[in-house]
Amino acid sequence: MTTQTTPRARVCVLISGNGSNLQALIDACARHEIPAEIIQVISNRADAFGLQRAQKAGIPTAVLDHRTFADRAAFDAALADLISQSQPDWVVLAGFMRILTPEFVQRFIGKLINIHPSLLPRHPGLNTHARALAAEDTEHGATVHFVTPTVDAGPAIIQGVCAVQAEESAESLQARVHQLEHQIYPLALAALVAGAVRYEHGQAQWASGNPANAPRQIFA
Ligand code: GAR
């Protein structure tokens, strides 16, 4: 008699730095909270600490240094080829600090997700925590979203929301949002792998329905 196991989803994670979100995903996979296997971690920086996290977990790593390419298009084409070699079901940006060409995004659209440290559509781009404070936002947080050609504009899947406290600094806010990120990224990937949410008609469609196309939200 043969035993059959359901093949686990294949996940490729792209990083540029610390990789704490990568670690949250590694840990969630190890705890079987996501029926997925991280089959490759790619960094555009050789000194990214996340590479050590991956190696410690026994995950193959690769470095593709964008500075060795003639232009953005050439780097993105090589990156897309490298990703495709490992035939991932999902491509997960976890602190990958590169703007991607529309050609790259189109190649993986629907299975390419990102985490961003703000409640999109508020504060796309950089320095989100300081900008939330400057704008006197009462709520802040993080968003997991499908990546579309316009930077930080793809449909949101899950948001983690926290109240902005009195006497808050950008650093304290960043630390709390980071904690939220480590909760919502595994939740989002688990939902995708389970087919509970998918990219359809430019929206994040939950199987259980979300007529307003609103992201799921969790509050801290
Ligand atoms: C995270 O806060 C993530 O939201 C942000 O980079 C950090 C990476 O942290 N990503 C972006 O700003 C993308 N626009 P990590 O390396 O510890 O996971």
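The analysis underlying the following values was restricted to heavy atoms, covering all of them including side chains, and did not include hydrogens, waters or symmetry mates. When a ligand or atom number is given, it counts from 1 through the structure's own listing order.
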Completion exercise
Under 4.0 Å from one or more heavy atoms of Asn18, ligand 1 contributes atoms 16 (O), 17 (O)
Fill in the blank from the handout: Under 4.0 Å from one or more heavy atoms of Gly95, ligand 1 contributes atoms 6 (O), 8 (C)
Exercise for the section: Work out whether the distance between some heavy atom of Gln23 and some atom of ligand 1 is less than 4.0 Å. Expected result: no
Problem - Within-shell test, Gly19 vs ligand 1, heavy atom, strictly < 4.0 Å - result: yes
Identity and distance of the protein heavy atom lying nearest [atom]:
atom                    : answer
atom 1 (C) of ligand 1  : Glu181 OE1, 3.1 Å
atom 17 (O) of ligand 1 : Ser20 OG, 2.5 Å
atom 14 (N) of ligand 1 : His116 ND1, 3.5 Å
atom 12 (O) of ligand 1 : Pro117 CD, 3.4 Å
atom 10 (N) of ligand 1 : Ile115 O, 3.6 Å

Practice task
Answer with yes or no whether the side chains of His182 and Ser20 bring together a donor and an acceptor at under 3.5 Å.
Solution key: yes
Handout entry: N or O contact, Asp152 vs ligand 1, cut-off under 3.5 Å
Key = no
Backbone N/O of [Y] and side chain of [X]: donor-acceptor pair under 3.5 Å:
X      : Y      : result
Arg10  : Ser86  : yes
Arg53  : Asn18  : yes
Asp76  : Leu100 : no
Arg131 : Pro124 : yes

Practice task
Report, as yes or no, whether the 6.0 Å neighbourhood of atom CZ on Arg67 holds more than 12 heavy atoms from other residues, nucleotides or ligands.
Solution key: no
Practice task
Please answer: with hydrophobic residues joined when any side-chain heavy atoms are less than 4.5 Å apart, are Leu180 and Phe219 in the same cluster?
Solution key: no
Handout entry: Leu22 and Ile38, any side-chain heavy atoms less than 4.5 Å apart
Key = yes
Problem - Mode of His178 contact toward ligand 1 - side chain, backbone, both, neither (heavy atoms, under 4.0 Å) - result: side chain
